[in-house]
Amino acid sequence: MRWHIDVSMIFLKTDEEIELLRESNRILGKTLAEVAKVIKPGVTTAYLDKIAEEFIRDNGAIPSCKGYEGYPATLCTSVNEQVVHGIPSEKVVLKEGDIVSVDTCVLKNGFHGDSAYTFPVGEVSEDIMKLLRRTKECLYLGIEQAVTGKRLGDISYAIQNHAETGGYQVVREFVGHGIGRQMHEEPELPNYGRRGNGIVLKSGMVVAIEPMVMSGRRNIIIENDGWTARSADRKPAAHYELSVAVQNGKADILSTFDFIKEVLQERFI
């Protein structure tokens, strides 16, 4: 992780640019909903990837992750103890009781969208449901702090505090980030920190907030593929992400889980 933030490299977005970002994120929300339609026991993560890439391209966008620093797929599909960056594969078959984090980015009109959602596969245990709910709550508590005049550490603290008071740990090796014309921009946004610390948030900043929460210890291991990060103790982890624009009074959420909710209905967490 880099600790120094180059404030001169934080690009404030205009209202017009924020609308372009919203369009990319809207396509992304619909993409995750298409994936939600087919998640069930017996489905491979490679099939999820195929569905997502076809939908993104059919909507005039580009899958940003594919080819990024050599990454081979459209989606990151991280199952159970995998935290982030799991590579879709025909060998990974989803089973009843699994969870799968689906994370991806799209590029349209020169701007990227970024979002992630952790899906239960069939019926999962109550312990797993508690992990998913808590992680999603961390996301929205972080978003509440993404307003003009707050500091970066206020977002980080809100996420860390809610995770840890629930008995969970946050990942420290991976962070949220700015987003815009580049998929990863300044500032980096850790999921842990101190209130009142860090740079002052300004209107027009756009960040991807993405708590990654562990049900066991926070230590991670990178698998031999060089991408997949999993919990060292092999206990489950969850990951939710939305892109938001910092504004006065209330953050403007550019990504959306609404299309997923339409698909999952009463199964929506």
Side-chain angles (χ1 to χ4, degrees), residues 32-33 35-49 52 75-89 91-104 115-143 158-174 176 191-192 209-223 228-242 255 257-269:
L32 292 176
V35 172
K37 290 177 184 178
V38 298
I39 288 179
K40 62 182 179 180
V43 169
T44 68
T45 53
Y47 182 67
L48 304 184
D49 193 69
L75 300 179
C76 298
T77 51
S78 306
V79 180
N80 295 333
E81 73 271 17
Q82 295 175 351
V83 185
V84 287
H85 305 156
I87 300 174
S89 171
K91 296 179 180 179
V92 180
V93 182
L94 298 177
K95 304 185 299 297
E96 184 82 15
D98 283 348
I99 54 174
V100 55
S101 164
V102 181
D103 182 9
T104 194
S115 184
Y117 196 92
T118 302
F119 296 93
V121 181
E123 296 295 322
V124 301
S125 71
E126 184 54 34
D127 283 347
I128 291 293
M129 289 301 294
K130 288 178 180 176
L131 169 66
L132 300 187
R133 292 190 194 103
R134 196 76 176 192
T135 306
K136 198 173 183 186
E137 289 166 3
C138 287
L139 171 62
Y140 284 104
L141 288 170
I143 289 172
I159 292 169
Q160 179 186 9
N161 182 62
H162 194 63
E164 292 181 354
T165 55
Y168 303 103
Q169 296 289 321
V170 293
V171 172
R172 300 197 175 205
E173 291 82 355
F174 297 100
N191 290 310
Y192 65 99
I209 300 175
E210 49 177 321
M212 292 157 260
V213 176
M214 317 284 278
S215 58
R217 300 194 311 273
R218 67 173 178 82
N219 310 78
I220 64 165
I221 288 174
I222 305 299
E223 299 281 19
T228 306
R230 69 161 174 84
S231 58
D233 58 12
R234 295 195 177 274
K235 292 187 177 179
H239 176 209
Y240 291 90
E241 177 180 17
L242 289 167
S255 315
F257 295 149
D258 288 350
F259 300 113
I260 296 173
K261 186 175 183 179
E262 289 175 8
V263 172
L264 298 182
Q265 297 183 15
E266 72 278 358
R267 294 183 294 119
F268 182 73
I269 296 168

Query - Aromatic contact, Phe259 with Phe257 (centres under 6.0 Å) - result: no
Requested in this report: Measure from the ring center of His85 to the ring center of Phe174 and say whether it is less than 6.0 Å.
Outcome: yes
Query - Flag if over 12 foreign heavy atoms under 6.0 Å of CD, Glu223 - result: yes
Shortest non-hydrogen contact from [X] to [Y]?
X	Y	value
Ile99	Ala237	CD1-O, 3.4 Å
Val92	Val79	CG1-CG2, 4.0 Å
Ser255	Leu242	CB-CD2, 3.4 Å
Glu262	Gln265	O-CG, 3.3 Å
Leu141	His162	CD1-CG, 3.3 Å

With the threshold set at 4.0 Å, does a side-chain nitrogen-carboxylate oxygen contact exist between [X] and [Y]?
X	Y	answer
Glu81	Arg234	yes
Arg133	Glu126	yes
Lys261	Asp258	no

**Report entry** Heavy-atom side-chain proximity of Thr44 to Lys91 below 4.5 angstrom
**Finding:** no
Does [Y] offer a backbone N or O that forms a donor-acceptor pair with the side chain of [X] under 3.5 Å?
X	Y	result
Asn191	Glu210	yes
Asp98	Val121	no
Asp103	Cys76	no
Ser231	Pro236	no
Asp49	Pro88	no
Tyr240	Thr118	yes

Requested in this report: Establish, from distance only, whether the side-chain atoms of Arg134 and Ser215 form a donor-acceptor pair under 3.5 Å.
Outcome: no
Report task. Run the numbers on Ile87 and Leu75 for side chain to side chain contact (heavy atoms under 4.5 Å, CB included), then give the verdict. Result -> CA-CA 7 Å; Ile87 300 174; Leu75 300 179; over 6 Å; no
Query raised in the report: For Met212, which of Val170, Thr135, Val83 qualifies under side-chain contact (heavy atoms from CB on, under 4.5 Å)?
Result: Val83
Query raised in the report: How far apart are the C-alpha atoms of Ile159 and Tyr192, what are their side-chain angles, what is the distance that settles it, and do they pass the side chain to side chain contact (heavy atoms under 4.5 Å, CB included) test?
Result: CA-CA 7 Å; Ile159 292 169; Tyr192 65 99; over 6 Å; no
